[in-house]
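Quick note: numbers below take in every heavy atom, side chains included, and nothing from hydrogens, waters or symmetry partners. Note on naming: letters A, B, ... go to the chains in the order of the sequence lines (proteins, then strands), and numbering restarts at 1 for each one.
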Protein chains: 2
Amino acid sequence: MALKLGGDRFCVRYHIRGSAAIALAKAKDICLEDTVELPDDLVPDGPIRDSILGRVEDFHSLNKNLHEALISFAVETAGSDLTQFLNVGFGNISIKPGLKLRRFELPDSFLRRFHGPRFGCAGWRNRTGVFHRPLLCTAIKPMGFTAKQCAALAREFALGGIDLIKDDHGLADHPFCRFRDRVRRCAHAVREVNATHGAKAIYIPHISGRETDALERAHFAKEAGAGGLLIAPGLTGYETMRRIADADDIALPIMCHPSFQGSYVVSPSSGVAHGALFGQLARLAGADSTIFPNYGGRFSFTRAQCADIAEAASCEMGRLKPIFPTPGGGMSLERIGDMSRLYGKDAIYLIGAGVYRYKPDIRAGCRRFLEIVEEKAKTGKL
Amino acid sequence: MALKLGGDRFCVRYHIRGSAAIALAKAKDICLEDTVELPDDLVPDGPIRDSILGRVEDFHSLNKNLHEALISFAVETAGSDLTQFLNVGFGNISIKPGLKLRRFELPDSFLRRFHGPRFGCAGWRNRTGVFHRPLLCTAIKPMGFTAKQCAALAREFALGGIDLIKDDHGLADHPFCRFRDRVRRCAHAVREVNATHGAKAIYIPHISGRETDALERAHFAKEAGAGGLLIAPGLTGYETMRRIADADDIALPIMCHPSFQGSYVVSPSSGVAHGALFGQLARLAGADSTIFPNYGGRFSFTRAQCADIAEAASCEMGRLKPIFPTPGGGMSLERIGDMSRLYGKDAIYLIGAGVYRYKPDIRAGCRRFLEIVEEKAKTGKL
């Protein structure tokens, strides 16, 4: 039976270092490496060479030493899960330095394979009832707290007016703080504040683990009254996050955490661009919000890299919903002005240490966080 | 209830760039970032500061701009799966440039949580009956071949004397080459050659996918007569590989593939060291062989980086078995001498394009591969 393909192709944009000649050779190498994995002279002529092989659709220079190549692949090469999609788009190629995956350009026919974010920005807004400003998020920490201490903190956050109260991503199923005990107590604490104060705060436990554990934790969290889920796909694999996002009997908004994924973005010349990784891939895998370290905090992302993530969180991707960029990482209340200039109101502002600084009156820290943001909203600065 | 920890700690060795003062500050930052995720002045005194926080056990300079820090973490922080272990050892820290995870140093009490490789080097040797030389491996490709074409190739490889016949990692469950059809046909082809020629070749299909698919594929492959499994943990997550390795009703040796993991190693100053990633982590997750691009091929690993992987594939890790380094990636038959000098006989030599060069008589390419290696073994050059 002869190989027959439908003709639909998806595209990946790469930035390639080197002279134009070297970069073009590298672009042609991408076409081979992540499909047939054979030297060009050994590729069979006919449909394999014509269709399976990647194809350089565009190549141009950005400067003497940096070039952009748009490469297309037959949609059939990518199977139907993110595993094989990444295998084609950035599999072996990830091992070659001087190549950066800049952007995915995916046709509707391909995007139809993915449900993407179930809730997106609108879902978060509907669930919290907050429409006029960014949502406020903080994290339950430190690791080492008992479940009871975590719940006491969750209560303070809710009383302080925080919308989204998430586990720190370091909280797992620890002997000193069991997942189920923590989730039960924290969900209860937040629910109680909501009931007595007419609030709509959402508790978001961290559920990363092996797939079966993560699924079980997601179900338990839902039962216990959690309103969202935090997952780090760098730890679990993208398909685990997607499976949880797609599960109709879970149906909770998902926050995506970048743990263990820094190596994809720390090199300026290799890896995956910030927007492609934390924006586009997170959406393909069903995240409704994407956490990343804001510029000017204790990490080293630049303003432009953060803007790239924010842009990719809502760029056109067929019917895939836009999601909230969720900058955090050593943010202080003093930085809210800066954050609002870059992200505006359609974002989740994540401030941890900045509210802990008000210890022992952490509730006051949360209130201050809310006041500052409300003030900005009122004065049209968002 | 007060926090009580057993006192056991595991260690991670990091290489850190910068002046000694900056590097020491970064080491202390690692202690905070991947545990409590709070600035030092906000860490509660008592057991959290004393035990949960990472601890700099050793710090010394390698040169003016490069320093080594050994940091210990309470074993309890890492939970019981690789997800949380990586979250602590290289979670948020992965996002900070100028830090390289150099080596894991894990006490027996921690290693007892992991079964590690079920077969290891000895298992591969027992299954192939090859004890005096490295095992020979080649890959079924290119993507685009039908299942029938794949099986015809597998047959040629087996007739040519190849020990381990693996799918190329680009072969998935494609509309033009269904996983089940391919595996059934390839396993049958290899079994038939084994039966008629008294050979013991092993067919190793690629099973990466979402966890449920990977598990299902593993079971199907076992039923169909496959003798091993190829998995890319960068695509599936480490726990998926571990789950398959640990499944008593699968019990097939596993080859680990580096697809999508290059970004961890391409930067000389950031990420994870080659040996820690492709050696130690692969073993923790149950791999019996670890594939990586050999130096001098079409990738850019150095000889020292490859030696690091080979060393880590058999370094002391409690009761975790040593596994076979499996260098490949654009290797030619002419390079076997080089390979043998670095890896000796306790390795799997993976040559793909080098045998395809003999097309249309690929069987002759395999025979030549075997001859060269046997010759080296006979003349004591292994």
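Ion pairing between B:Arg298 and A:Asp29 fails under the 4.0 Å rule for side-chain N and carboxylate O. Salt bridge status for B:Arg210 with A:Glu211: absent, with no side-chain N to carboxylate O gap under 4.0 Å.
Summarising the geometry of A:Gly170 relative to B:Gln84, their closest heavy-atom pair is O-NE2, 3.2 Å, with the distance given to 0.1 Å. Closest non-hydrogen pair, A:Gly79 versus B:His174, comes out as N-CD2, 4.3 Å. For the pair B:Leu38 and A:Pro142, the tightest heavy-atom approach, listed with the atom from each and the gap, is CD1-CB, 4.0 Å. Across every non-hydrogen atom of B:Ile48 and A:Gly144, the tightest pair is CD1-C, 3.7 Å.
In this structure, chain A has heavy atoms under 4.5 Å from both the backbone and the side chain of B:Ser208. Using a 4.5 Å cut-off between heavy atoms, B:Pro97 contacts chain A through both its backbone and its side chain. In this structure, no portion of B:Leu53 lies under 4.5 Å from any heavy atom of chain A. For B:Ile95, the parts sitting under 4.5 Å from any heavy atom of chain A are the backbone and the side chain alike. For chain B, no part of A:Leu171 is nearby; none of its heavy atoms comes within less than 4.5 Å. Contacts between B:Thr212 and chain A at a heavy-atom distance below 4.5 Å involve backbone atoms as well as side-chain atoms. Proximity to chain B is absent for every atom of A:Ser269, based on heavy atoms less than 4.5 angstrom apart. Residue B:Thr77 touches chain A through both its backbone and its side chain, counting heavy-atom pairs closer than 4.5 Å. Neither the backbone nor the side chain of B:Phe85 comes within contact range of chain A, judged by heavy atoms closer than 4.5 Å. Contact annotation for B:His169: both backbone and side-chain heavy atoms come within less than 4.5 Å of a heavy atom of chain A. Interface remark: B:Asp168 contributes side-chain atoms only to the contact with chain A (heavy atom separation under 4.5 Å).
Judged by distance alone, with hydrogens and angles left aside, the side-chain atoms of B:Lys96 form no donor-acceptor pair with the main-chain N or O of A:Phe299 at under 3.5 Å.
A 4.5 Å side-chain heavy-atom check between B:Asp213 and A:Glu239 finds every atom pair outside the cut-off. In this structure, A:Pro44 and B:Phe145 have side chains that are in contact, with non-hydrogen atoms separated by less than 4.5 Å.
The cationic group of A:Lys4 does not satisfy the cation-pi geometry with B:Phe176, failing either the under 6.0 Å distance to the six-membered ring centre or the 45° limit from the ring axis.
The distance between the ring centers of B:Phe260 and A:Tyr264 falls below 6.0 angstrom.
Here B:His206 contributes atom NE2 and A:Thr83 contributes atom OG1; the two are 8.5 Å apart, rounded to the nearest 0.5 Å. Interatomic distance, A:Asp41 CG to B:Lys359 NZ, rounded to the nearest 0.5 Å: 8.0 Å. Between the NZ atom in A:Lys100 and the OG atom in B:Ser263 there is a gap of 7.5 Å [rounded to 0.5 Å]. Interatomic distance, B:Leu86 CG to A:Ser259 OG, rounded to the nearest 0.5 Å: 8.0 Å. Atom CG of A:Leu235 and atom CG of B:Asn87 lie 5.0 Å apart (nearest 0.5 Å). One distance of note links CZ of A:Phe90 with CD of B:Gln261; it measures 12.5 Å at 0.5 Å rounding.
Contact count against chain B (heavy-atom pairs under 4.5 Å) is highest for A:Asn92 among A:Asp173, A:Thr240, A:Leu82, A:Asn92. With chain B as partner, the option from A:Ser94, A:Gly237, A:Gly262 having the largest number of non-hydrogen pairs under 4.5 angstrom is A:Ser94. Comparing B:Gly209, B:Ala353, B:Ser270, B:Pro293 by how many heavy-atom pairs each has under 4.5 Å with chain A, the most go to B:Gly209.
Screening residues 78-89 of chain B for salt bridge (charged side-chain N to carboxylate O under 4.0 Å, His left out), with sequence neighbours left out, gives no hits.
Residues passing the side-chain hydrogen bond (donor to acceptor under 3.5 Å, both in side chains) test with A:Asp50, sequence neighbours excluded: none.
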Residue pair B:Leu42, A:Arg357: steps toward the side-chain contact (heavy atoms from CB on, under 4.5 Å) verdict: CA-CA 7 Å; B:Leu42 294 178; A:Arg357 288 243 158 264; 3.8 Å; yes

